[in-house]
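First the structure, in the form of structure tokens, and then the observations on it.
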Protein chains: 4
Amino acid sequence: MTSERRPGRPRSETRRRAILAAAMAELEERGYADLTIERIAARAGAGKQTIYRWWPSKADVVLDALVDMAETRIALPDEGSLPDDLMAFILATFRQRGQRPVLLGLLAQALLDPVFAKAFRDRFLFRRRAVLRQILDRAVARGEIAPETDPELLIDVVYGVLWYRLMLDHAALDDDAGRQLSSLLLRAARPGP
Amino acid sequence: MTSERRPGRPRSETRRRAILAAAMAELEERGYADLTIERIAARAGAGKQTIYRWWPSKADVVLDALVDMAETRIALPDEGSLPDDLMAFILATFRQRGQRPVLLGLLAQALLDPVFAKAFRDRFLFRRRAVLRQILDRAVARGEIAPETDPELLIDVVYGVLWYRLMLDHAALDDDAGRQLSSLLLRAARPGP
Amino acid sequence: MTSERRPGRPRSETRRRAILAAAMAELEERGYADLTIERIAARAGAGKQTIYRWWPSKADVVLDALVDMAETRIALPDEGSLPDDLMAFILATFRQRGQRPVLLGLLAQALLDPVFAKAFRDRFLFRRRAVLRQILDRAVARGEIAPETDPELLIDVVYGVLWYRLMLDHAALDDDAGRQLSSLLLRAARPGP
Amino acid sequence: MTSERRPGRPRSETRRRAILAAAMAELEERGYADLTIERIAARAGAGKQTIYRWWPSKADVVLDALVDMAETRIALPDEGSLPDDLMAFILATFRQRGQRPVLLGLLAQALLDPVFAKAFRDRFLFRRRAVLRQILDRAVARGEIAPETDPELLIDVVYGVLWYRLMLDHAALDDDAGRQLSSLLLRAARPGP
DNA sequence: GGTTAATCGAGACGGTACGTCTCGTCTTATT
DNA sequence: AATAAGACGAGACGTACCGTCTCGATTAACC
């Protein structure tokens, strides 16, 4: 029921991984703005066509690489209280080595290209939101947050502040920021008097 | 004391305006992602060198054009209460015709180019923050917000949510959104019991 | 002694013909310059490897197709006199529908690729020369041409003028041309006074 | 009356010559079949666009280089008699160092591309014919050739045999060939008895 | 009738050149 | 000097084919 073999030589998983690895290496060495399909292909020992066959743009290559990594790394923190969970989540999201420039590069690409924007939303941003939603649900269960509060708005607040600081770079994104943000959320969503 | 005249033919203000106008026209017709110096110059009937002489990148041209427009249009709303002020501000910021794609394009550019990022922050984002700060100060004065609240965090929340929704495009940015956001701010920052 | 059977699945004559036919069809539709192995294979419903297994280059495919056709069609004319034979020969050679572009394409290929050039000479050009040689031999027998004349030079003259006009396209290749050319040959090779 | 200055930076004659020289060098080293615009540009230290701006195809570059050379080298021989003139002409045409592969390459290109074919005819082949026509005219004046003979057919014979042997490479193109060819012409065109 | 071995369709793959696009710099004459 | 015009070096783009490769499926002859 699974097989679904297509005729012809099958896609090489080895090549796929080589290309994603090359993309990540280029990204670390030269940054997103200087990333080119040509160099990724050269570094991976691949033909350009092999990249174009499977990915519509270089952003999609990077997104694939990122998702491959993130899939395994994102964990739902469970520290027992909303402030602790939030902080753990924020740090887990943005403290990974070298992620900041990659995330900003992908965001830039999403802003310029609506087609990629959809992929970025569906495959990355929305999955992150799902994790945060679970954290908030648990906070509701614990009574830390009033049940009538709209969790989507709270998620927007958390991610809004995160991305805004990430791109503006005018304020820190550290433990203290996590504490302040979660404290604000608690005050805004605390069960009424 | 005043003149500061240099020798040679002075810069033509006519050309400057023609170039900014051409940039805006291109922007509206083809979008930020397809904007090129070459086309702006052709449309303005200008030489490319004339653009490169005065602006370091195409993003700076667009920023100049945007600031020229925004300078005159952004007004500090004074509706008498924080919710009303916030809504007026949000609408004034993002409801201008065709602004959304331009803003997103500039943001993308800022994410990719740190040099432009600084100009974008200083000449655009921070000025907008200043307006919002005044709104919040008035709310403090009216007793709508507790004086011990950090206004910078609140500003981050408002702008964070605004930009996040702007780029994610998953939720509306309308009157209702303004109402919900200001209500959340009021709850988070209301004077304690 | 005859069979020479190898083990394994034998070559499919059906496929061979399908490929030659596809090549001819492509040739007629798009011309030699736009001919590609890829399209021939697609049109024939064949894998590229099947072509590469049996022919070293696309020119060899075309040559095969041409020889298949020409083998049956070229006939030794016997009109009774050199002028009439020559005209018949010229027309039989170059008047076949759609042959001109194919011949010119193969010639171009031969000029660019020495390996194919040899095949083209041996399998096509020299065979045509042989036909012409017979015509001239008969003219010698009839006394139209002096026996001491070198027939090879005359052949070069006939084919030289033919190909030259074929490629230069500056003068007609019709009955009249045949008449003039044979008249020139007769004058050059007539038995001395 | 001559000036006709266009606005903007004028075309650089230096670059033009560098590109033609690079093309000739590539041609000698690797042959026409392996000639690429990319390598010509690299060797000339030029951008590809600079080549595409002025020449529609690589064949036109080579033709330009050839005409530049030939313009100065082709001389009307005047040896006093048709056989001597013809031989001098033939040798002058085809004995130039390394010309054979270049000529065959251009011919191949002309066979594949009708647009280039016209340029090749007008700028190269027809000019050569003009030289030969002068030689024949002088032979008529001297009484070596009957005045009623069509010189165009004779030209076709000479060039036909030359090109045919050039491409077939089955017979020599040397002094002896020149002698035989001119002797044939004389017999064919001699004043009648 | 199963085994063996080459052929076949399909299409992925590493390469390479194509012709185009835009960048940022330069070289003219003109203002 | 500033300007319009546009040539220039540079280099990435996305496409087209090349010739090779790897699959599963097929087609005979041989045992």
Send over the distance from Arg43(B) CZ to dA4(F) P, rounded to a whole Å. 16 Å
Does the Arg43(D) side chain pair with the main chain of Ala21(D), one donor and one acceptor, at a distance under 3.5 Å? no
Which comes earlier along DNA chain F counting from the 5' end, the contact point of Ser12(B) or that of Pro56(C), where each point is its nearest nucleotide? Ser12(B)
Test side-chain contact (heavy atoms from CB on, under 4.5 Å) on Met69(A) and Val102(A) and set out the steps. CA-CA 12 Å; Met69(A) 284 174 45; Val102(A) 177; over 6 Å; no
Could you state the CG-P distance from Asp34(A) to dC13(F), rounded to the nearest angstrom? 11 Å
At less than 4.0 Å, is any side-chain N or O atom of Arg11(D) found next to OP1 or OP2 of dG6(F)? Yes or no. no
Give the rounded distance in Å between these two atoms: CD of Glu26(A) and P of dA12(F). 11 Å
Quickly work out the Ile40(D) CD1 to dC18(E) C1' distance and round it to whole Å. 13 Å
Please determine whether a side-chain nitrogen or oxygen atom of Thr50(A) lies at a distance below 4.0 Å from atom OP1 or OP2 of dG14(E). yes
With a 4.0 Å cutoff (strictly under), does any side-chain N or O of Trp54(C) reach OP1 or OP2 of dC8(E)? yes
According to salt bridge (Lys or Arg N to Asp or Glu O under 4.0 Å), does anything in residues 48-63 of chain A pair up with another residue at least two apart or in another chain? List the pairs. Glu38(A)-Lys48(A)
Check every strand shown and say whether Arg53(D) touches a base, only sugar-phosphate, or nothing at a heavy-atom separation below 4.0 Å. base
Just N and O in the side chain of Arg16(D): are any of them under 4.0 Å from OP1 or OP2 of dA7(F)? no
Starting the side chain at C-beta, find the nucleotide from dC8(E), dG19(E), dA7(F) nearest to Lys48(D). dG19(E)
Specify the residue among Gly47(A) and Arg15(C) whose closest nucleotide of DNA chain E lies further upstream toward the 5′ end. Arg15(C)
For the pair Trp54(A) and Ile19(A), evaluate side-chain contact (heavy atoms from CB on, under 4.5 Å) and give the outcome as yes or no after the intermediate values. CA-CA 11 Å; Trp54(A) 301 110; Ile19(A) 288 165; over 6 Å; no
Does the side chain of Arg6(D) get closer than 4.0 angstrom to OP1 or OP2 of dA7(F) through an N or O atom? yes
Using a strict 4.0 Å threshold on nitrogen-to-oxygen distance, state whether Glu29(D) and Arg39(D) make a salt bridge. no
For the backbone of Asp64(C) and the side chain of Arg123(C), can you confirm whether one donor and one acceptor N or O come within less than 3.5 Å of each other? no
Tell me whether the side-chain N or O atoms of Gln49(A) pair up with the base of dA16(F) as donor and acceptor below 3.5 Å, since no angle test is needed here. yes
Pick one: which of Val61(D), Thr50(D), Ile37(D) meets side-chain contact (heavy atoms from CB on, under 4.5 Å) with Trp55(D)? Val61(D)
Nearest of dC13(F), dA2(F), dC8(F) to any side-chain atom of Arg9(D)? dC8(F)
Starting from the 5' end of DNA chain F, give me the residue, Ile37(C) or Glu13(B), whose nearest nucleotide shows up first. Glu13(B)
If I take atom NZ in residue Lys58(A) and atom C1' in nucleotide dG11(F), what distance separates them, rounded to the nearest angstrom? 13 Å
Just so I know, are the side chains of Leu111(C) and Tyr32(D) near enough to count as touching, which here means a heavy-atom distance under 4.5 Å? no
Could you state the atom-to-atom distance from CD of Glu38(D) to C1' of dG9(F) in whole Å? 14 Å
One would report the end-axis bend of the helix from dG1(E)-dC31(F) to dT31(E)-dA1(F), five pairs per end and rounded to 10 degrees, as 10°
Round to a whole Å and report the spacing from OH of Tyr52(A) to C1' of dA17(E). 15 Å
Quickly work out the Arg39(A) CZ to dC13(F) P distance and round it to whole Å. 9 Å
